[in-house]
Amino acid sequence: MYYLGVSAFLAIVKEQSLRAAADSIHVSPSAISYRLKELEQKLGVTLIERHKGVDSIRVTASGKAFLPLAERFQDVLNDIDRFGVTNFNLHLNISAPNSMNMYLLPPLYSMLYQCAPRMTLRIHTEHTEESVESVSTKVMDIAFLAREVSVPSNVLMSPFTEEGFCLLRRSGPSREEPTEVDVAQLDPEKEIFWRWSKDFQLWHERTLGSLQVRRVQLDMASLIPDLLVDEQQWSIVVNSVGEWVRKIRPDEFVVEPIKDAPPARKYFKITHKQPSAEVCEGLSMVERCLTTLF
């Protein structure tokens with residue numbers, strides 16, 4: 001009930017003029033005069049001495065005594081305004097394996113950061129089994145998995161996207177334009193292998209034979225570019241990894257389509273069956289972003 005009058009009073013004290021004070025808070029001189037008069041009536045004292053037809057003012061003794069209170073009152077109002085803008089009233093804990101956090105999900109996290117300024121995001125890297133346990137116990141609000149698994153009865157699992165595979169090799173004179181490659185014709189000893197999924201491994205064994213002759217088998221996809229040191233080496237990677245490598249090292253690598261490519265890698269999301277109301281709001285935002293992106 002006091003905020004308009006206090007704002008008028010502080011402006012008048014600062015500007016030492018009714019007209020200048022009115023301009024500073026974007027109201028008319030009559031409006032600022034009315035607001036000050038209302039405040040004085042509520043307080044039962046005269047804060048500003050002014051005379052008709054005279055723009056200059058004088059702060060009374062009561063006004064000088066009230067000034068520190070008015071300034072504190074205005075500070076509280078400013079804090080309340082800032083609270084409405086900056087209070088992070090949504091918290092979301094998200095879990096995913098390293099490969100998804102690095103290559104597939106950054107666009108999701110970026111969109112959530114931009115579209116939900118009042119949400120606190122906590123992004124964790126966990127193995128699949130850890131993620132399932134975390135969601136089941138509500139330590140995590142949502143988790144993303146790179147494979148389908150059995151989940152407890154209090155957890156919901158559903159697919160949300162899939163992606164195909166490409167061939168990653170060092171660039172060279174003969175690879176300026178990506179062409180479809182029959183990987184069965186490549187030297188198996190030159191492969192850098194990463195087991196993307198059970199379906200991928202079955203396809204690999206059927207198409208390319210046993211893994212026994214592979215010199216390098218990895219469990220971290222981020223190592224692949226550094227191990228492709230010559231043009232004869234090659235690796236089959238999901239499209240998001242290929243795009244990531246091409247983005248950060250565009251002159252060094254080429255991404256090529258695969259003839260008779262492996263089956264797409266499927267991704268899943270899991271949530272608790274009974275999330276809190278706050279978590280439900282955050283999950284709805286995640287769902288909208290997923291729909292937009294994937």
Side-chain angles (χ1 to χ4, degrees), residues 88-166 194-204 206 219-222 236-244 257-258 261-294:
F88 294 94
N89 60 0
L90 290 178
H91 303 271
L92 203 65
N93 288 288
I94 302 176
S95 171
N98 180 69
S99 62
M100 294 181 71
N101 273 341
M102 283 192 66
Y103 310 115
L104 185 73
L105 296 176
L108 169 65
Y109 301 148
S110 177
M111 183 175 287
L112 284 171
Y113 179 80
Q114 296 176 65
C115 298
R118 297 173 65 186
M119 177 187 288
T120 299
L121 283 176
R122 297 187 179 95
I123 300 167
H124 306 259
T125 297
E126 292 184 326
H127 295 298
T128 299
E129 291 75 14
E130 293 175 310
S131 292
V132 173
E133 175 68 19
S134 295
V135 170
S136 177
T137 56
K138 293 191 174 182
V139 174
M140 292 293 134
D141 302 312
I142 183 170
F144 297 99
L145 310 179
R147 58 189 173 91
E148 188 173 10
V149 295
S150 297
V151 296
S153 59
N154 63 350
V155 173
L156 290 172
M157 181 171 63
S158 60
F160 75 95
T161 193
E162 61 181 38
E163 66 174 330
F165 289 86
C166 58
W194 202 81
R195 185 183 185 275
W196 293 102
S197 67
K198 183 178 180 180
D199 288 342
F200 172 79
Q201 183 158 346
L202 291 173
W203 171 89
H204 192 282
R206 184 174 63 252
D219 64 357
M220 187 175 293
S222 58
I236 300 174
V237 299
V238 287
N239 291 334
S240 57
V241 172
E243 290 299 319
W244 177 78
I258 299 173
R265 189 190 197 198
K266 297 178 181 179
Y267 298 103
F268 301 84
K269 66 179 188 295
I270 57 173
T271 56
H272 198 277
K273 285 186 177 180
Q274 296 180 323
S276 66
E278 178 185 324
V279 170
C280 281
E281 186 176 349
L283 293 178
S284 294
M285 293 182 181
V286 171
E287 195 61 39
R288 289 196 294 271
C289 292
L290 288 175
T291 301
T292 300
L293 290 169
F294 299 109

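Judged purely by atom type and a 3.5 angstrom limit, N93 has no side-chain atom pairing as donor or acceptor with the backbone of D141. Without hydrogens or angle criteria, Y103 side chain to N239 main chain gives no donor-acceptor distance under 3.5 Å. The backbone N or O of H124 sits less than 3.5 Å from a side-chain atom of N101, completing a donor-acceptor pair. The backbone N or O of I236 sits less than 3.5 Å from a side-chain atom of W196, completing a donor-acceptor pair. Remark: the backbone N or O of S240 is paired with a side-chain donor or acceptor of E163 at under 3.5 angstrom. Side chain of K273 to main chain of S153: a donor-acceptor pair is present (N/O by atom type, distance under 3.5 Å, no hydrogens or angles). At least one donor-acceptor pair under 3.5 Å links the side chain of K138 to the backbone N or O of Q274. No donor-acceptor pair under 3.5 Å is formed between the side chain of D199 and the backbone N or O of P263.
Annotation: side chain of Y267 is in contact with side chain of R265 (closest heavy-atom distance under 4.5 Å). Residues L283 and L92 meet the side-chain proximity criterion, which asks for heavy atoms closer than 4.5 Å. F294 places a side-chain heavy atom less than 4.5 Å from the side chain of L104. Within the 4.5 Å cutoff, the side chain of S158 has heavy atoms near those of the K269 side chain. Counting only heavy atoms from C-beta outward, the side chains of E126 and S131 approach each other to under 4.5 Å. M102 places none of its side-chain heavy atoms less than 4.5 Å from the side chain of M100.
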Please output the side-chain donor-acceptor pairs of residues 286-293 that fall under 3.5 Å, not counting sequence neighbours, one pair per line with the distance.
| from | atom 1 | to | atom 2 | distance (Å) |
| --- | --- | --- | --- | --- |
| T291 | OG1 | E287 | O | 2.9 |
| T292 | OG1 | R288 | O | 3.0 |

Below 3.5 Å, can you tabulate the donor-acceptor pairs from side chains in residues 142-150 to any protein atom, sequence neighbours excluded?
| from | atom 1 | to | atom 2 | distance (Å) |
| --- | --- | --- | --- | --- |
| R147 | NH2 | E129 | OE2 | 2.7 |

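Side-chain contact, T137 with E133: no donor N or O sits under 3.5 Å from an acceptor N or O. No side-chain N or O of S95 forms a donor-acceptor pair with one of E130 less than 3.5 Å apart. Side-chain contact annotation: N98 with T125, donor-acceptor N/O pair under 3.5 Å absent.
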For S197 and Q201, what are the C-alpha separation, side-chain angles and deciding distance, and is it a side-chain contact (heavy atoms from CB on, under 4.5 Å)? CA-CA 6 Å; S197 67; Q201 183 158 346; over 6 Å; no
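Of all heavy-atom pairs between V237 and G242, the closest is CG2-N, 3.8 Å.
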